[in-house]
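Below, chains carry the letters A, B, ... as their sequence lines are ordered, and counting in each starts from 1.
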Amino acid sequence: MDAQYNPKVVEANAQQHWQQNQVFKAVVDSNKEKFYCLSMFPYPSGRLHMGHVRNYTIGDVISRFQRSQGKNVLQPMGWDAFGLPAENAAIKHGVAPAKWTLENIAYMKNQLKQLGFAYDWDREVTTCQPEYYRWEQWFFTQLVNKGMAYKKKSAVNWCPHDQTVLANEQVHDGGCWRCGTTVVRKEIDQWFIRITQYADQLLDGLDQLPGWPESVRAMQRNWIGRSEGLRIRFPLPQAIAGLEHLEIYTTRPDTLMGVTYMAIAADHPIAQHAATLRPELADFISECKAGGTSETELANQEKKGMATGLFAKHPISGQEVPIWIANFVLMEYGTGAVMSVPAHDQRDWEFAQAYGLPIQQVITGQQGEVIDLSQQAFTDKGVLINSGELDGLDFQQAMDKLAEVLGAKDLGSKQVNYRLRDWGVSRQRYWGAPIPMMTLADGQQVPAEDFPVELPTEVVMDGINSPIKNNPEFEQTQWQGQAATRESDTFDTFMESSWYYARYCSPHYQEGMVDPTEANYWLPVDQYIGGIEHATMHLLYFRFFHKLMRDQGLVQSDEPAKRLLTQGMVLAETYYRSQNGTKEYYTPEQVDLTKDDKGRVIKALLKADGQPVEIGGMEKMSKSKNNGVDPQALIDLYGADTARLYTMFAAPPEQSLEWREDGVQGAHKFLQRLWRAVTAFAEQSKAPALAKTELNEAQKATRRKVHETLQKVTQDYAERFAFNTVVAANMELFNHLSRHELNGPQDLAVVAEGYQVLLQLLAPICPHICHELWSLLQQGDILDQPWPVLDSEALVRDSITLVVQVNGKVRARLQVSATATEEEVKALAFADEQVQKFAPQDKVKKAILVPGKLLNLVVAG
RNA sequence: GCCCGGGUGGUGAAAUUGGUAGACACAAGAGACUUAAAAUCUCUCGAUCGUAAGGUCGUGCCGGUUCGAGUCCGGCCCCGGGCACCA
């Protein structure tokens, strides 16, 4: 065996062994407990990035650990292959999206194989292939037939110059990324799925997911945003645009008597009507429509409004309330109108201040304290005042009373409302799964009956319009003998990623979306791993789709994944120069760093011109910041085990990971030391059987370290996902073993046991080197070994270190017998010089003993 | 703006249930080996005062609870993620 660690050879050997023996092929076996470990599949952007390496290493470590615990593990991989970047690449490089995507997949698949991930490649799924999306199309038509999918008007980002729809990321500072033209919101017909009908199930289901991080559950709870309030109708003096009332929803009905104006969306029918009467309103309405559809943009824009000159009647007082058009009210949320109470809502308060509208206090504190409304609104719930017969009521009493009073007049009722909106699945793009619908001559919408509705792949992109739009070859078709026009919008790519986990169970099944035998065995997913950025959207659609599939009789469980691990981002240092307000970023290779005497980076110079560049700090690795580290270079230089070890050691999985080249070298050095030590040890004469009862102190100490490590590491893998401390504990164990002097046969026996345990503990993280080194010490494949058994007798200690504190400060450390009583411990403590100095026995008022840990003596100040 | 995280030495981090702050590494410094370098091995390594023993301070900031707070509570600052057409 080579004395030098050569990862290229070691890794190729191990990977060949796994492939030849088909060791990661997952087969249904009702006698074994299954474990389905799923990592979020990648978008095939070209090459793997460090975020992928991190995500998939975590998944692989969990999979390999679970396998070592005797589980029947399924770990699949596939490609989220539809999406916008393929269209951009097509335009930029003149290559069709399908070709570009498939080439990327081939390259990235090879990279994943080099990293040694234990995937069952026979279950690979590629979402842009018709055999995948045909089932998604079929499923959508089932939803249409059930009334779960419908078409309605909804706003998109529209570039008036290019006459095209833009994604949010294609809108830069309110303008089109290509031509800079101010983007406007335009209403177009689009398909929606009724996720709001499942809002309560999605909310209640969160309580059944103790294996999901509380932060993700909190974000989903807030995203769904269940609220209880009143739907209130403000009568209009005369009907406007066919409406007799202006209808609003409020969660603060207790403030109803403080309403001083109404605010409606620019798209509201009343606003449209008002604009026909007053041209300046029409101008204001088009101004309101400028800008993108994103909530960030809407929340940050300056609040603007204009009075319509129209009034609504207050449902209780009958007073006239002016109706304003406001740019922060959106037609798509609720009823497109709100009642405004500037005294008790901060946004309304600011709006009232800006436009000189009256502020009427109707809520006061519980003790009737004086409220100052001159600086800000008072938004706490309290007691009603200035509200006629409602005076003195609290929030709940006021809501109940108003529901009763308004209900009697048919002007209001209690209502549960959700922030969650129905899922818009239409995209006006080419590279997606065609929406399987047709429009007949009379405008009727009918679902396709034959699947797949195939997306043509031999296309030329013009950079603006989808090649399947206004394309008679694609659009003209027949439905039951009638001429029909195909829908030329495609699905949101969140559709594909909402059910891929189920398709992995039977990726080649021809008879339906999922094979019930496989699905019922493998589902639900036992462990899901992916980025925290997916906390609300993907993970909510994923849970929703599972419930839709359950209600279609395709799967049996209520939730798709039992446990979820959200891994942090991979960050790296950025270097840039600012020119005319834009930043030009440089790669780490392009700069030289100057450090101070403590090793802190204080200056960065561009190699090209020797002039300084700005140090931008740690940011998420990305192309635009030029700070991405290509995992390929890392694999080529150090091997897969080093890449895997470093990503696991550098930070706990849920935190962001700061990339540092010298840390990678450190991980590599550890593997080199391990290699040298084990190969040298394997050349020693063969170790005899371990004689547990005949060990000397050093041998006992080493065995204790081995079994302490076994205990800690097993727990860290299984319960805490603390892979960084797994690595640290294994390093500690290695340091101990490599320093254990080999003086006799029992030293060999103890150290042999130690190295075998170490290799098994480390194998999920560094599988190649452990595979190879195991073969030097023992027969058989390390993958097939039963997990080491903890010897609790090896853990026993005769004496322990006990800390003595005085008023919480450490003053002494005592070696005491593990069985010492409280009296014995105190006697020892008071015999200590330091303890006597700070805590003379007669001054001690209280003593707190934490057995096995510390004694705290409390003395008077 | 709203929701969710995070902040500990020169650096990445550890401290699992409120009980010894800094495990394990990286960087740096010193030494051994070497003709030399690389590699390897050994030692030092939070700040500060002290010859030393040891003292004092120290987990973003301010305050609180407790015998005891990195950990719990209240307020604030900074950084990151998400906000429905990037995936």
Calculate the interatomic distance between [X] atom [atom1] and [N] atom [atom2]; express it in whole Å.
X        : N      : atom1 : atom2 : value
A:Leu540 : B:rC83 : CG    : C1'   : 13 Å
A:Tyr541 : B:rC86 : OH    : P     : 11 Å
A:Gln220 : B:rC4  : CD    : C1'   : 12 Å
A:His538 : B:rC83 : NE2   : C1'   : 17 Å
A:Gln170 : B:rC86 : CD    : P     : 8 Å
A:Phe723 : B:rA13 : CZ    : C1'   : 17 Å
A:Glu654 : B:rA13 : CD    : P     : 14 Å
A:Phe838 : B:rG55 : CZ    : C1'   : 7 Å

Requested in this report: State the dot-bracket string of RNA chain B. Criteria: Watson-Crick or G-U wobble, both atom distances under 3.5 angstrom; notation: ( ) intrastrand, [ ] crossing earlier pairs, | interstrand, . unpaired.
Outcome: (((((((..(((......[....))).(((((.......))))).((((....))))..(((((..]....))))))))))))....

Select base, sugar-phosphate, or nothing to describe what [X] touches, counting heavy atoms under 4.0 Å on all strands.
X        : result
A:Arg739 : sugar-phosphate
A:Ser45  : nothing
A:Lys303 : nothing
A:Leu420 : base
A:Ser497 : nothing
A:Ala535 : nothing
A:Asn168 : sugar-phosphate
A:Glu87  : nothing

**Report entry** 5' precedence on RNA chain B between A:Pro652 and A:Glu169 (nearest-nucleotide basis)
**Finding:** A:Pro652

Query raised in the report: Mapping A:Val156 and A:Gln665 onto RNA chain B by nearest heavy atom, which one lands closer to the 5' end?
Result: A:Gln665

Quick one: do the [X] and [Y] side chains pair a donor with an acceptor below 3.5 Å?
X        : Y        : answer
A:Asn168 : A:Ser294 : no
A:Gln815 : A:Thr801 : yes
A:Ser227 : A:Asn417 : no
A:Gln301 : A:Glu297 : no

Report task. Check whether any side-chain nitrogen or oxygen of A:Gln655 sits under 4.0 Å from OP1 or OP2 of B:rG12, and answer yes or no. Result ->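 No.
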
Requested in this report: Verify the contact: side-chain N or O of A:Arg811 to OP1 or OP2 of B:rG54, cut-off strictly under 4.0 Å; return yes or no.
Outcome: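 Checking A:Arg811 against B:rG54: no side-chain N or O falls below 4.0 Å of OP1 or OP2.
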
Query raised in the report: Heavy-atom distance under 4.5 Å between the side chains of A:Thr127 and A:Glu136, does that happen here?
Result: no

Query raised in the report: Considering only side-chain heavy atoms of A:Arg421, which listed nucleotide, B:rC4, B:rU40, B:rA84, is closest?
Result: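 Per side-chain heavy atoms of A:Arg421, the pick is B:rA84.
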
**Report entry** Lys NZ or Arg CZ of A:Lys152 over A:Phe192 ring: under 6.0 Å, within 45°
**Finding:** yes

Report task. Check whether the ring centres of A:Phe649 and A:Phe670 lie less than 6.0 Å apart, and answer yes or no. Result ->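 No; A:Phe670 has its ring centre 6.0 Å or more from that of A:Phe649.
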
Query raised in the report: So, A:Phe328 versus A:Phe351, ring centres under 6.0 angstrom or not?
Result: yes

For [X], what residues pass the side-chain hydrogen bond (donor to acceptor under 3.5 Å, both in side chains) criterion, not counting sequence neighbours?
X        : result
A:Glu87  : none
A:Trp191 : A:Glu487
A:Thr642 : A:His668

Query raised in the report: Going by a 90° cut-off around 0, is B:rG9 syn or anti?
Result: syn

Roughly how far apart, to the nearest Å, are [N] and [M] at atom [atom1]?
N      : M      : atom1 : result
B:rU66 : B:rG50 : C1'   : 34 Å
B:rU44 : B:rC57 : P     : 26 Å
B:rU20 : B:rG70 : P     : 9 Å
B:rU8  : B:rG1  : P     : 24 Å
B:rG7  : B:rA14 : C1'   : 16 Å
B:rG19 : B:rG31 : P     : 43 Å
B:rG64 : B:rG68 : C1'   : 15 Å
B:rA47 : B:rA21 : C1'   : 14 Å

Query - For A:Trp431 against A:Pro97, the heavy-atom pair lying closest together - result: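 Looking at all heavy atoms of both residues, the closest pair is CD2-CB, 3.7 Å.
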
Query raised in the report: Any idea which heavy atoms bring A:Gly78 and A:Phe41 closest together, and the distance?
Result: O-CB, 3.4 Å

**Report entry** Nucleic acid footprint by protein, nucleotides 16-25 of chain B - heavy-atom cut-off 4.0 Å, B for base, S for sugar-phosphate alone
**Finding:** B--BBS-BBS

Report summary line: For nucleotides 71-82 of chain B, 5' to 3', base contacts (B), sugar-phosphate-only contacts (S) and non-contacts (-) with protein non-hydrogen atoms under 4.0 Å give ---------SBS

Query raised in the report: Side-chain donor or acceptor of A:Thr296 under 3.5 Å from a matching atom on the base of B:rC83?
Result: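 A donor-acceptor contact between them is present.
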
Requested in this report: Could you label the plane-to-plane angle of the A:Tyr500 and A:His538 rings as parallel, tilted or perpendicular, counting under 30° as parallel and over 60° as perpendicular?
Outcome: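 Rings of A:Tyr500 and A:His538: tilted, 30 to 60°.
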
